[in-house]
Asks: 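Can you keep this structure in mind? I'll have questions shortly.
Below, all heavy atoms of this structure are taken into account, side chains as well, without hydrogens, waters or symmetry copies.
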Amino acid sequence: MRGVSQPSPFTALPVRFALPLAVIGGVLFALSFPSPGWWFLAYPAVACLLLSTMGHGWRRAAWIGYLGGVAFWVPAISWAGRYLGPVPWLALALFEAAMFALGSVAVALAYRWVARVVTSTAGRVWGLPAVIAALWTGREWFSGSWPYGGFAWGRVGLSQSDSPFAHLAAWVGVLGVSFVVVYCVAVVVSLGLVRGMQVRVRVATAGLLVAAVLAVPAWPTATDGTIRVEAVQGNGPAGYFDRAAPGEVLESQVAATDVEATGVDLVVWPEASAEFDPRAQPVIAGALDRVVRSVDAPLVAGAITQTPSGVLHNTSFVWTADGWQSSYDKKRPVPFGEYVPDRWFFSKLAPSLIGLLQRDYTPGTKPNVLSVAGVKAGIAICFDIVDDGLTRDMARGGAQVILAQTNNADFSGTDENLQQLEIARMRAIETGRSLVNISTVGASQVIDPSGRTIDRVPEYTATSMVTDVPLGTTTTPATVASGLIALVLSLGGMLVLLACAPWQRRRSRTGNRL
């Protein structure tokens with residue numbers, strides 16, 4: 001009967017079942033990312049992680065969630081130990097698992113608190129999953145923002161770059177895709193647990209929900225013309241520990257550039273491909289001059305630059321026959337990779353590791369859209385591509401194409417470059433812009449606004465690709481409102497959870513007695 005309290009169906013599993021279920025969920029979630037990139041495993045992974053923590057108190061949910069987080073993060077970012085060993089890899093994995101545990105606590109409390117307030121079948125099937133998905137999305141937003149700018153890897157939405165849900169990124173952004181996927185899974189979980197529904201009704205309801213989501217059309221991306229881009233993968237010794245002689249990386253880029261390519265409008269090199277500031281190094285400037293004159297097109301390259309006051313930047317710049325034209329300084333240098341935050345503190349914890357990082361790059365302040373070859377190009381230098389705000393800045397700055405320059409040489413033989421490529425693919429869909437992902441070693445591809453690969457070159461091969469890249473003109477809903485969507489979902493989920501907390505009801509009952 002409506003209005004009559006029903007016993008909650010979301011009871012806790014015994015710990016002996018909950019713990020292995022959390023581990024299974026974490027492992028399945030890791031497998032949904034490259035490699036192998038089985039995106040469909042994200043759905044049972046989320047279901048396992050929800051079922052493992054639901055109904056438990058916050059302490060037990062924290063430990064269960066932490067175990068699930070470890071089972072996910074340790075294999076998912078195993079590339080972090082490629083050169084520096086297990087310490088930084090495990091430190092990052094265990095820290096991110098703690099973030100995962102915080103989200104698991106919020107989800108567990110929602111299944112306890114919100115389910116006590118929302119007692120109708122409809123509320124528990126449709127309303128409660130919205131709170132669950134909002135809390136999950138809030139955890140992804142928080143861990144992608146804090147500390148030191150956060151680590152926005154491992155989001156549910158990022159696992160869906162090849163799935164039927166990928167097109168939704170243009171409507172609601174990557175975090176919005178996370179919400180949709182988790183919501184659909186949470187509804188299916190609720191359908192399997194609530195009482196009083198026939199099996200055929202449960203199956204039909206789940207099918208209709210998925211069909212409704214998939215029925216949302218792809219955003220009608222508009223393009224106007226193309227630009228012929230030569231993207232050059234030099235495959236030089238660009239790794240931090242490659243001990244390359246000065247000029248080796250530059251020489252590899254020059255050698256791999258096809259100077260006989262016809263009709264090229266723009267040449268793009270990867271991150272730090274020119275090595276040092278050509279304004280201060282005549283030899284580098286001469287090499288760049290020869291390239292742009294041979295190809296008869298401007299060049300977008302990368303270098304480490306230094307201001308007169310000694311501040312270091314990871315810079316992308318435009319070079320023409322007239323020399324340096326404009327530049328962008330990376331706004332998201334990698335913590336503990338390109339700089340050491342709170343160096344005084346971490347040097348005491350791991351002096352040998354911190355001592356390996358002798359230079360600190362400073363975040364830039366320039367706009368991440370550069371005018372080159374008659375078009376506006378959004379620039380993302382490596383880790384910049386994970387930043388939601390920088391993605392929106394490119395689109396709002398009028399970028400017609402995105403140039404994602406990166407150096408994956410430090411992660412040769414790992415999945416890092418493939419995972420980063422999938423992030424770039426989702427950014428192309430989210431902004432409705434073609435994206436040229438050019439790496440020193442791979443994976444280098446050209447992706448169109450729908451997320452489809454239109455050109456690629458083999459990894460770990462010195463070569464280039466000459467591609468007619470469509471120029472985007474559309475404004476997707478995600479570039480306008482994805483930040484607001486993420487904020488509303490995150491705060492909304494937490495406010496609903498707090499509003500349903502037991503102390504609120506106790507105060508209410510006390511007031512009624514008075």
Side-chain angles (χ1 to χ4, degrees), residues 19-50 52-53 64-104 136-137 139-145 147-163 165-166 174-175 177-178 181-182 185 334-337 382-383 385-387 406 408 410-427 443:
L19 289 176
L21 192 61
V23 172
I24 292 171
V27 172
L28 291 177
F29 194 28
L31 292 174
S32 70
F33 291 89
S35 60
W38 295 333
W39 53 265
F40 50 87
L41 291 183
Y43 314 145
V46 171
C48 289
L49 292 166
L50 295 181
S52 66
T53 56
I64 294 171
Y66 187 75
L67 188 61
V70 169
F72 166 63
W73 282 108
V74 168
I77 59 169
S78 58
W79 45 262
R82 175 67 174 83
Y83 283 103
L84 295 179
V87 173
W89 161 35
L90 294 177
L92 178 59
L94 296 180
F95 179 81
E96 291 301 323
M99 291 286 195
F100 211 90
L102 287 177
S104 297
W136 186 296
T137 305
R139 191 269 304 166
E140 289 190 346
W141 170 81
F142 180 70
S143 62
S145 306
Y148 308 124
F151 186 61
W153 223 267
R155 294 173 170 178
V156 169
L158 295 177
S159 71
Q160 300 298 295
S161 64
D162 290 322
S163 85
F165 288 96
V174 171
L175 284 172
V177 175
S178 291
V181 172
V182 176
V185 173
V334 182
F336 305 102
C382 201
F383 199 59
I385 200 69
V386 307
D387 191 287
T406 183
N408 304 108
D410 281 326
F411 305 105
S412 298
T414 73
D415 294 329
E416 188 275 344
N417 59 348
L418 297 177
Q419 292 176 10
Q420 186 174 325
L421 176 66
E422 296 314 293
I423 297 173
R425 191 181 309 280
M426 290 299 288
R427 295 309 189 189

Asks: Check whether any side-chain heavy atom of Tyr66 lies under 4.5 Å from a side-chain heavy atom of Leu94, and answer yes or no.
Replies: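 Tyr66 vs Leu94: side chains touch.
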
Asks: If you take all heavy atoms of Glu96 and Ser143, which pair is closest and at what distance?
Replies: OE1-CB, 4.0 Å

Asks: Does the side chain of Phe40 come within less than 4.5 Å of Ser159's, by heavy atoms?
Replies: no

Asks: Given side chains that start at C-beta, do those of Phe33 and Asp415 come closer than 4.5 Å, heavy atoms only?
Replies: no

Asks: Main chain of Gly157, side chain of Ser178: is a donor-acceptor contact present, judged purely on distance under 3.5 Å?
Replies: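 Judged by distance alone, yes, a pair lies under 3.5 Å.
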
Asks: Which value, rounded to the nearest 0.5 Å, describes the distance between Ile24 atom CD1 and Cys48 atom SG?
Replies: 6.0 Å

Asks: Can you name the nearest heavy-atom pair linking Ala97 to Gly69, along with the distance?
Replies: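 Nearest pair, atom of Ala97 first, then Gly69: CB-C, 3.7 Å.
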
Asks: Just say parallel, tilted or perpendicular for the rings of Phe383 and Trp153, cut-offs at 30° and 60°.
Replies: parallel

Asks: Kindly indicate, with the supporting measurements, whether the criterion side-chain contact (heavy atoms from CB on, under 4.5 Å) is fulfilled by Trp136 and Leu50.
Replies: CA-CA 10 Å; Trp136 186 296; Leu50 295 181; 4.2 Å; yes

Asks: Show, in sequence, the C-alpha distance, side-chain angles and deciding distance for Thr137 and Val182, and conclude whether the side-chain contact (heavy atoms from CB on, under 4.5 Å) test is met.
Replies: CA-CA 8 Å; Thr137 305; Val182 176; 5.9 Å; no

Asks: Evaluate Leu28 against Phe72 for side-chain contact (heavy atoms from CB on, under 4.5 Å), listing each step before the verdict.
Replies: CA-CA 8 Å; Leu28 291 177; Phe72 166 63; over 6 Å; no

Asks: Among side-chain atoms of Trp79 and Gln419, is any donor-acceptor pair under 3.5 angstrom?
Replies: yes

Asks: Can you find a pair of side-chain heavy atoms, one from Val177 and one from Val156, that are under 4.5 Å apart?
Replies: no

Asks: Just verifying a value: how many Å separate Trp38 CH2 and Ser32 OG, rounded to the nearest 0.5 Å?
Replies: 11.0 Å

Asks: How many angstroms lie between atom CZ of Phe95 and atom CH2 of Trp73, to the nearest 0.5 angstrom?
Replies: 11.0 Å

Asks: Fit a plane to each ring of Tyr43 and Phe165, take the angle between them on a 0 to 90° scale, and name the class: parallel (under 30°), tilted (30 to 60°) or perpendicular (over 60°).
Replies: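 Judged by the thresholds at 30° and 60°, the geometry between Tyr43 and Phe165 is perpendicular.
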
Asks: So how far is it from Thr406 OG1 to Ile423 CD1, rounded to the nearest 0.5 Å?
Replies: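 Between Thr406 OG1 and Ile423 CD1, I get 10.0 Å after rounding to 0.5 Å.
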
Asks: Counting distance only, does the side-chain N/O of Arg155 pair as donor-acceptor with the main-chain N or O of Leu175 below 3.5 Å?
Replies: no

Asks: Please examine the side chains of Gln160 and Val174, heavy atoms only from C-beta on, and report whether any two atoms are closer than 4.5 Å.
Replies: no

Asks: Evaluate side-chain contact (heavy atoms from CB on, under 4.5 Å) for Trp89 paired with Val74, printing each intermediate quantity in order.
Replies: CA-CA 8 Å; Trp89 161 35; Val74 168; 3.6 Å; yes

Asks: Is there side-chain contact between Arg425 and Glu422, with at least one heavy-atom pair below 4.5 Å?
Replies: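 A side-chain contact exists here, since the closest heavy-atom pair is under 4.5 Å.
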
Asks: Mind telling me whether Phe29 and Phe100 have parallel, tilted or perpendicular rings, with 30° and 60° as the class edges?
Replies: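 Phe100 vs Phe29 ring planes: tilted.
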
Asks: Once you round to the nearest 0.5 Å, how far does CD1 of Ile64 lie from CG of Leu19?
Replies: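 The distance works out to 5.5 Å.
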
Asks: Please name the pair of heavy atoms, one in Pro147 and one in Met99, separated by the smallest distance, quoted to 0.1 Å.
Replies: CD-CE, 4.1 Å

Asks: Might you point out which heavy atoms bring Ala45 and Gly25 nearest each other, and give the distance in Å?
Replies: CB-O, 3.3 Å

Asks: Side chains of Pro36 and Leu31: does their closest heavy-atom pair fall under 4.5 Å?
Replies: yes

Asks: Of the non-hydrogen atoms in Leu49 and Ser52, which two are nearest, and what is the gap between them?
Replies: O-OG, 2.9 Å

Asks: If every non-hydrogen atom of Thr414 is compared with every non-hydrogen atom of Arg82, which pair is closest and at what distance?
Replies: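 Looking at all heavy atoms of both residues, the shortest contact is CG2-CD, 3.6 Å.
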
Asks: Quick one: does any side-chain atom of Asn417 pair with a main-chain N or O of Asn408 as donor and acceptor, under 3.5 Å?
Replies: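 Judged by distance alone, no pair lies under 3.5 Å.
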
